[in-house]
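For reference, the structure is listed below as structure tokens.
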Amino acid sequence: MAWLVLVISGLMETAWAIALDRSAGFSRLIPSVVFVVTLALSMAGLAYALRDIPVGTGYAVWVGIGAVGTAVVGMVALGESASLPRILCLLLVAAGVIGLKIFH
């Protein structure tokens, strides 16, 4: 259960990062509210998961999921560069997250 919560929390990290960008410095209400809610959910889920998963592993997986997710949303939906080197680097991060789960 802790791993499922950790993955969902990582996805919430992606959501709050995108909402933070869309809030335009907290000048737009809806993205600002989405940011606060998803940030709180993400942190609460991380805290829950860390009861059963070591902090080094849990935090690295959480950050990795959030970073890869945010970069993928940026490339797919926000027009950011989707160059081959960038995609390869994201695959390396994803491989590291998977490795941390496997070798936990």
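Note that the coordinates shown come from a computational prediction; the quantities given were computed from them, not determined experimentally.
Atom-to-atom distance recorded for I53:CD1 and L100:CG is 10.5 Å, nearest 0.5 angstrom. To the nearest 0.5 Å, atom CG of residue L20 and atom CG of residue L39 are 9.0 Å apart. Rounding to the nearest 0.5 Å gives a distance of 12.0 Å between OG of S9 and CH2 of W3. If you take CD1 on I8 and CD1 on I65, they are separated by 10.0 Å, rounding to the nearest 0.5 Å. Between the CE atom of M43 and the CD atom of E13 there is a distance of 7.0 Å, given to the nearest 0.5 Å. Within the model, atoms OG1 of T70 and CE of M75 stand 10.5 Å from one another, a figure rounded to the nearest 0.5 Å.
In this view, R22 satisfies the salt bridge (charged side-chain N to carboxylate O under 4.0 Å, His left out) rule with no residue, not counting sequence neighbours.
One hydrophobic cluster, built from ILVMFWY side chains closer than 4.5 Å, holds both L11 and V61. The hydrophobic clustering, which links ILVMFWY residues whose side-chain heavy atoms are closer than 4.5 Å, places L84 and L92 apart. Transitive grouping of hydrophobic side chains (ILVMFWY, heavy atoms separated by less than 4.5 Å) brings L6 and V97 into a common cluster. Note on F26 and V36: same hydrophobic cluster, where clusters join Ile, Leu, Val, Met, Phe, Trp and Tyr whose side-chain heavy atoms are under 4.5 Å apart, directly or indirectly. A single hydrophobic cluster is seen to contain both V63 and V7, as judged by linkage of ILVMFWY side chains at heavy-atom distances under 4.5 Å, directly or through other members.
Under the side chain to side chain donor-acceptor pair (under 3.5 Å) criterion, the residue pairs touching residues 78-104 are E80-R86, with sequence neighbours excluded. Every pair tested for side chain to side chain donor-acceptor pair (under 3.5 Å) that includes a residue from residues 23-40 fails, sequence neighbours excluded, so the list is empty. Applying the ring-ring contact (aromatic ring centres under 6.0 Å, His included) test to residues at least two apart or on different chains, none of the pairs has a partner in residues 63-82. Listed by first and then second residue, the ring-ring contact (aromatic ring centres under 6.0 Å, His included) pairs involving residues 53-100 are Y59-W62 (not counting sequence neighbours). Identified under the ring-ring contact (aromatic ring centres under 6.0 Å, His included) test for residues 72-96, with sequence neighbours left out: none.
Closest approach of L50 to G58, counting heavy atoms only: CD2-CA, 3.9 Å.
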